[in-house]
Amino acid sequence: MTKLNSLVSRIFGWGAGLSMGLVFVIIFVNSLRRYTVGQSVQWGEELPVYLAVYGVMFGVALAYMQDRHIRFTIVIDFLNERRKTIMFILGDVLMAVTGVMLVLSALAFVERRGDTMSSGMFGLSRWLGDVTGIKALDALGTLGPYQYALVIGGAMITLAAVLKFIERATALRGL
Amino acid sequence: MIYVILIAGLLIGAPIAFAILASLSYFMATGDAPYNLRIVATELFNGLNSYPLLAIPLFVLAGELMNESGITGRIIAFANVLVGRMRAGLAMVNIWASVIFAGLSGSAVADTSAIGRVFIPEMEKHGYDRAYAAALTAASSVIGPIIPPSIPVIIYALIVTGVSVPALFMAGIIPGLLLAVFLSVYVMLTVDMKKINAASAALNEEKQPAREALLGGILPLMMPVFVVGSILMGVVTPTEAASFAVAYALVIGTFVYRKIKISALPRLFTEAMRDSAVIMIIIAAVSAANWLLTYNRVPNMLTDWVLGNVDSKTTFLIAVIILFLFVGLFLEGIAAMLVLVPILHPIAVSFGIDPVHFGILVIFNLMIGLITPPLGLCLFVAEGIAGVGMARLTKAILPFFLVEVAVLLVLTFVPETVTWLPTALGY
Amino acid sequence: QTIRIAHVDPDEWTGSKKGAAAQIFRNIVEGETGLSVEIFPAGALGNEDELVGQVQEGLLQMAIVSGAMSKACPAASVLDIPYTFASATVAWDVLDGEFGEALGEHCLEQTGMRTLAYGETGFRNFTNNTREIRTPADMEGLKFRVQPIPLYLEMVSGLGGEPTPIAWTELPNALSTGVVDGQENPVGVIYNNGLHQLQKYMTLDGHVYAADFLVISDEFYQSLTAAEQEVVARAAVVAGNMGRSIQQWTSAEGVLAVQAEGMQIYSPTADELAMFAEKAQPAVVEFLRGELGDDAAWIDQLQAAVAAAQ
Ligand code: NA
Ligand code: NA
């Protein structure tokens, strides 16, 4: 793997790992607090779900960099290395195109439905806005910032596919 | 064209989720109003926007931590003392470790991932065929969501009014054990002991004293007690219980066994999210595709067609089994339940079928879908670990599939196997 | 043309308010016009939030939704102010009168969805497993599962309970094991989902009257002929009333049924209800005034309409 590929993989990995850690900590601490002091936070249900949406996007891109996706290999299994690589290159193209489609689709989605209220996040976003004085944080009480995960996800997927394409095309010359 | 893209995408080995999304995007982008490319992102987001779905990354993380901390190894050593001396001992241990795991896992996929990582290489070392080991792991992991806690059970109880969760939970215990027994018997009868004895002898392993293995198993075995206990004591909901499994494995592995290094945590967290992401993206992509199918009434037409040819309880049950096995090939289990159960449940009741019985049949049926190609999630996860290729794994899973269908038939035509325990306990 | 109508309740008409409403709507419209009606019941196309989105997208022509409406049209949340309606008949008068019409117009401007009629999901009541609740003092320290809606959190804390957000899918388990002590829902929902088997006490305090909104995409509505519009609008009113009747039936039947299965029911006296209202209402009203901005005027309009109806 080139330096660029491993750097990109590492960034995807941080995103996925951070989301995993936060999801665990929030759910664990919230249920402990509810049991011990009888209080739970109102965003304890929705925030981990949204964090996981981001986590899935990072995880999906990382898995593509590492060729760890779930795929049908019934046909691929019977091909020689060279043909197999050609198939995977075609897959990279499909993946890149789908990533771009996802970006376009998600941008339109956020534009149309981004201001839908997220009832669980509402209080937290107000509080953050009041404490920091940054009015823009009120947006965290709507679904837009979380739907935006799909835009970023689409972009990361495209990037991953392009990098894999270059890597495999280079390797193909040696086969 | 939509099918051309889908099938071509699948054949060239593109990630399944993205082959689905590519064809869906094409359809939505080129279709007449009201179709619109925007719908793909909308339905994908809706598919991911689910709290119970978080049980998947949490249980996968728990599995990672259990492997890293040596808990998995100790549960296996413990099961080994109990059933390891039997014929095909290691395969037995695989099955019965899944039964123990079922008590703390609501997800078959997480079980495949946690147990498969240890067992697939280990069984191969001991002379089992690698594809056989992967198939057995996937097949026995289905026990996970049959024995409580179970996410499919909770969701089923919400779709069908008037069926209680505790009753369904209790009803799953005997079927889960029955499945383990059937798999055990099948394995004992078919395994090639000559190869295994030869390979095991060549390994020349030091046998761990039974006492040590039993004692070493205490803390790991406390894990299901801790996790299921925290649910029964009202500390947590089943999804949250997954976070308790994580915490338990983390504490034991870091402070008691001292196997988990703090510096290794980022890697473990990343791998857990990566491995769950590839599953969750398929669930989300399928649920987006499922939305389109439902919108075009495909499930209804399928159901109508089946019911048009049914007139008795027995034919109905057989038709339902075939329908769910068929639908389970292409739809993710929970998605399939959401579509079909509201339609079929009233018909089942009108045929005089016990709602709890019917519920377990449906869930068991759809869980078999987890090990059937072309869209069996457990099969994919097992293949991800084993790397033997889907063609070989498909061949290896077939006998296990038949065993599970046999258990399903027993459950179907001997309703007491399902209803006896909840009735005896007063549910 | 086809009217696709979706809701999240079961597809039958003897015990499912939205199911009954959708079916009679279909029968009337198909009988009197050339339109065909396809029903998507039981959340097959998504939860209520998603259904509202799909009507706005033009994927669905109609939906019957309850709580999701106030997320798209915040002014509708004034209906959730606790202890506003003394009885369902008062709520019917208010919603079928000028107030309901004005709110419908307002939401049409906000969302592009026309409210053709109001049905009902019913009065919400508290249940719990710890003790009989006669006055707010009995709620002290009890954990109640609520939807993660700020207004409900304000209401339950105002009454002295601990509001606890738990996903609906986790509720039965959370109740049976004691993660939370109680919850709040209409009787029909409690009975149909078997929650009464997990809870010992119910107090018929009717804190919130949950209305159903029968909404149609206005773009689609305007594409219909005048004659079709007349039938669709009339069928929706009949459907809303049908939904109300079925809801009343399942509530009344449900109260008897849960008692027969061992649940203890308590009906608070007028004085006790006043104590509930005194604790919960100011907190919620103050909160809503802060949140609604210009829409806060709807609070006063509602209170005036209720006073006139009583
Ligand atoms: Na389980
Ligand atoms: Na196993």
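Just so you know, these numbers come straight off a predicted model, no measurement behind them. Note that these values count all heavy atoms, side chains included, but never hydrogens, waters or copies made by symmetry. A, B, ... follow the sequence lines: proteins, then strands. Residue 1 opens every chain.
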**OP:** Give the member of B:V235, B:N49, B:I5 that has the highest number of heavy-atom pairs under 4.5 Å with chain A.
**Re:** B:V235
**OP:** Working to the nearest 0.5 Å, report the span between CD1 of B:I12 and CE of A:M95.
**Re:** 11.0 Å
Original post:
What's the verdict on side-chain contact (heavy atoms from CB on, under 4.5 Å) for B:R274 and A:Q66, showing C-alpha distance, side-chain angles and the deciding distance?
Top reply: CA-CA 10 Å; B:R274 177 198 64 197; A:Q66 303 178 343; 2.5 Å; yes
Original post:
Side chain, backbone, both or neither: which part of A:Y64 has a heavy atom under 4.5 Å from chain B?
Top reply: side chain
Subject >> Side-chain donor/acceptor of A:S105 to backbone N/O of B:L37, under 3.5 Å >> reply: yes
Original post:
Among residues 150-158 of chain A, which ones touch chain B with a heavy-atom distance under 4.5 Å?
Top reply: A:L150, A:I157
Original post:
What heavy-atom pair brings B:Y51 and A:V49 nearest, and what distance separates the two atoms?
Top reply: CA-CG2, 3.7 Å
**OP:** Measure the acute angle between the ring planes of A:H69 and B:F18, then classify it against the limits of 30° and 60° as parallel, tilted or perpendicular.
**Re:** perpendicular
Original post:
For chain A, which of B:A14, B:A19, B:P15 has the most heavy-atom pairs under 4.5 Å?
Top reply: B:P15
Original post:
Who wins among A:A106, A:G91, A:G21 for the most heavy-atom pairs under 4.5 Å with chain B?
Top reply: A:G21
Original post:
What residue, out of B:L53, B:L393, B:V388, B:L61, has the most heavy-atom pairs lying under 4.5 Å from chain A?
Top reply: B:L61
Original post:
Using non-hydrogen atoms only, which part of A:F58 is less than 4.5 Å away from chain B: side chain, backbone, both, or neither?
Top reply: neither
**OP:** Answer with side chain, backbone, both or neither: which region of B:S276 has an atom nearer than 4.5 Å to a non-hydrogen atom of chain A?
**Re:** neither
**OP:** Check each atom of A:L90 against the heavy atoms of chain B and say whether the ones under 4.5 Å are side chain, backbone, both or neither.
**Re:** both
Original post:
Checking A:Y35 against chain B: side chain, backbone, both or neither under 4.5 Å from a heavy atom?
Top reply: side chain
Original post:
Hey, which of A:A108, A:S31, A:A63 has the most heavy atom pairs under 4.5 Å with chain B?
Top reply: A:S31
Subject >> Residue-level interface, residues 265-273 of chain B with chain A, non-hydrogen cut-off under 4.5 Å >> reply: B:F269, B:T270, B:A272, B:M273
Original post:
A:G59, A:A149, A:A52, A:A61: which one forms the most heavy-atom pairs within less than 4.5 Å of chain B?
Top reply: A:G59
**OP:** Find the distance between CE (A:M57) and CD1 (B:I281) and round it off to the nearest 0.5 Å.
**Re:** 4.0 Å
Original post:
What are the two closest non-hydrogen atoms of A:F88 and B:G13, and how far apart are they?
Top reply: CE2-O, 3.9 Å
**OP:** First locate atom CG of B:L54, then atom CD1 of A:I27, and finally report the distance between them rounded to the nearest 0.5 Å.
**Re:** 4.5 Å
**OP:** Applying salt bridge (charged side-chain N to carboxylate O under 4.0 Å, His left out), name anything that partners B:E240, two or more places apart in sequence or on another chain.
**Re:** A:R34
Original post:
Rounded to the nearest 0.5 Å, how far apart are CZ of A:F24 and CZ of B:F244?
Top reply: 9.0 Å
Original post:
Would the number of heavy atoms belonging to other residues, nucleotides or ligands and lying under 6.0 Å from CZ of A:R33 be above 12?
Top reply: yes
**OP:** Determine the option with the most heavy-atom pairs under 4.5 angstrom with chain A, choosing from B:T42, B:D275, B:L48, B:L58.
**Re:** B:T42
Subject >> Portion of B:A29 that has a non-hydrogen atom of chain A nearer than 4.5 angstrom >> reply: side chain
Original post:
For residues 10-38 of chain B, which residue pairs qualify under side chain to side chain donor-acceptor pair (under 3.5 Å), counting only residues two or more places apart or in two chains?
Top reply: B:Y35-B:N296, B:R38-C:E57
Original post:
Given that the side chain runs from C-beta out, which part of B:I20 has a heavy atom under 4.5 Å from chain A: side chain, backbone, both or neither?
Top reply: neither
Subject >> Engaged part of A:R68 at the chain B interface, taking heavy atoms whose separation is under 4.5 Å >> reply: both
